[in-house]
Amino acid sequence: MYFQPELETMTPQDLRALQTQRLAKLVAYVYERIPHYRKAFDAAGVKPEDIKSLEDITKLPFTKKQDLRDAYPFGMFAVPNDEVVRIHCSSGTTGTATVVGYTENDLQNWGDCFGRGIIAAGGSRKSIVQVSYGYGLFTGGLGAHRGVESVGAVALPMSSGNTKRQVQLMHDFGTDILCCTPSYALLIADTAIEEGYDPAHDFPLSAGIMGAEPYSEGMRAEIQDKLGIRVHDIYGLSEIMGPGVACECERQNGLHVCEDQFIVEIVDPATLEPVPDGQWGEVVITTLVKECSPLVRYRTRDISRIVPGTCECGRTFRRIDRITGRTDDMLIIRGVNVFPSQIEEVITTFPEIATHYQIVLSNKGPLDHVQLQVETVPEFPFDEIRKLQDIKKRLGAELKSNLQVQVEIKIVEPKTIERSEGKAHRVIDLRGEGK
Amino acid sequence: MIDQLTVFLANEKGRLASACEVIAAAHINMHALFLADTQDFGVARIFCDTPHKAAEVLVEQGYRATVIPVIGIEVPNHPGGLAELLGYLDAQNINIEYGYCFSLNDERAIDVLKVSDPHAEEKLAATSYTLVNPEDIYALD
């Protein structure tokens with residue numbers, strides 16, 4: 001089932017023609033309306049009329065997060081406030097917040113993107129969709145909400161938090177689709193089990209649309225098993241739009257990019273040169289139809305790749321692979337590049353270890369020290385110290401062979417690691433503090 | 001078999017006190033406590049009244065706690081009492097996971113053993129050793 005088959009299954013030739021026409025229009029639009037782009041294009045010696053084909057996109061300069069910060073708050077808006085109907089912005093925890101405005105058309109387009117994900121997840125007008133992403137300036141809650149409304153399904157606007165109530169309504173109302181971060185889905189599942197339910201069998205829930213943080217295949221499998229659902233990965237970022245830029249179909253093999261609305265490129269983060277399909281690199285996105293906050297070649301800092309080939313589902317939009325991390329999430333430990341998702345991938349192969357974990361980086365002497373805090377599952381025979389030490393040893397050896405980095409394993413008491421209602425904070429970096 | 005309460009604790013200041021406070025708040029009396037510790041965590045093994053209830057309140061408070069069946073054997077409180085028992089178990093090829101001892105009074109001591117052999121209790125019952133009944137140590141659940 002498709003939500004917008006005329007777009008989702010259009011031929012590559014038609015899509016190319018649509019993208020080319022929209023790209024040319026966008027370039028003229030931003031050049032005329034946004035001072036930053038006029039300056040940047042002039043500096044790069046490129047005029048809107050130079051962009052005649054899709055390949056010409058490489059002539060355009062990249063947009064960086066700092067450019068959005070420099071324009072704080074409304075410097076990157078292409079329309080006056082009487083056309084803006086909503087504003088979202090990033091939390092600003094790592095610097096000045098980035099502010100993104102939406103016109104009514106922008107919201108409708110966003111809703112269409114998320115709506116495609118709902119239909120791909122088996123949803124329909126009849127489905128009850130529980131939105132347990134946070135509502136507010138964060139794009140997750142309201143983005144998913146608009147998607148539910150676009151489809152005409154039943155929105156249950158829970159926001160995040162109050163987990164016991166989430167479980168109760170999920171059970172009482174018979175929620176069909178759950179939308180939240182994967183780490184929160186796991187907390188909801190564990191809470192349901194603690195409350196005495198077997199959600200995989202007791203709840204009619206059939207699918208989850210989960211994103212806003214990277215997660216491993218192992219974590220997906222755990223959510224799917226505990227809740228008895230199919231989990232669809234969804235991608236988005238607050239600078240472009242919240243969840244909906246790309247979403248998995250029922251094949252769960254890569255996320256179809258909404259290419260009628262976005263051009264996606266994968267570039268080598270060091271050289272900024274495009275890489276061939278299949279190769280990993282930084283995702284770069286150009287918005288084709290956004291009116292308020294259009295972006296040209298925005299460097300997302302997310303790491304993915306184009307999944308080569310076509311998808312059996314019939315959608316012709318190209319797919320990106322699951323996001324393995326962000327260029328700024330990447331930990332450089334003793335000179336080795338490590339993504340938290342790689343550590344998670346190893347943890348999920350140990351059934352004795354719960355999926356909640358925390359990575360603590362510190363300096364012990366001249367070298368980086370990595371401590372991984374984990375909990376055993378409740379059934380683990382912790383009475384025998386030998387078994388606890390054995391699991392520490394095996395997990396450490398497995399991490400060492402996968403990451404080439406020595407990791408100290410610390411088994412902690414349950415609930416020592418903070419449970420997340422939104423995005424999980426997996427890494428505590430204390431390096432530099434002791435110096 | 002007798003029921004031993006086992007609690008997993010981070011090896012940090014105040015954790016044992018805090019676990020004991022939870023048990024105290026539930027008005028459960030402890031009779032013996034043994035600690036096995038490593039650098040980053042410890043395991044507290046406890047004889048207390050109503051051990052299942054104690055485990056339940058600890059789990060409710062977020063502790064990793066459970067009840068483990070162990071064997072209690074009464075031995076004469078004189079030199080060689082324990083050595084003789086261990087010699088017997090060794091001869092029977094019964095492996096000991098861990099164990100500890102405490103004296104009840106001048107005459108009697110109790111050896112507590114966690115063994116991997118599921119028939120260990122039967123084998124010991126057939127000897128002249130006296131197995132300790134749970135009600136001799138703590139109030140049952």
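Reckoned from all heavy atoms, side chains included, excluding hydrogens, waters and symmetry mates. Chain naming here is simple, since letters A, B, ... match the order of the sequence lines and numbering starts at 1 in each. Computed from a prediction, not measured in an experiment: that's the story for all the values here.
You'll find the ring centres of B/Phe41 and B/Phe8 inside the 6.0 Å limit. The distance between the ring centers of A/His171 and A/Phe203 falls below 6.0 angstrom.
A donor-acceptor pair under 3.5 Å is absent between the side-chain atoms of A/Gln371 and the main chain of A/Ile409, judged by distance alone.
B/Val7 touches chain A through its backbone: at least one of N, CA, C or O sits under 4.5 Å from a heavy atom, while the side chain does not. Of the atoms belonging to B/Thr66, heavy atoms from both backbone and side chain fall under 4.5 Å from chain A. With a threshold of 4.5 angstrom between heavy atoms, B/Ala44 does not approach chain A through any atom at all. When heavy atoms are compared at a cutoff of 4.5 Å, B/Glu12 approaches chain A solely by way of its side chain, counted from C-beta outward.
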Begin from the C-alpha positions of A/Glu413 and B/Arg15 and carry the test salt bridge (Lys or Arg N to Asp or Glu O under 4.0 Å) through to its verdict. CA-CA 10 Å; A/Glu413 287 180 41; B/Arg15 294 309 297 156; 2.6 Å; yes
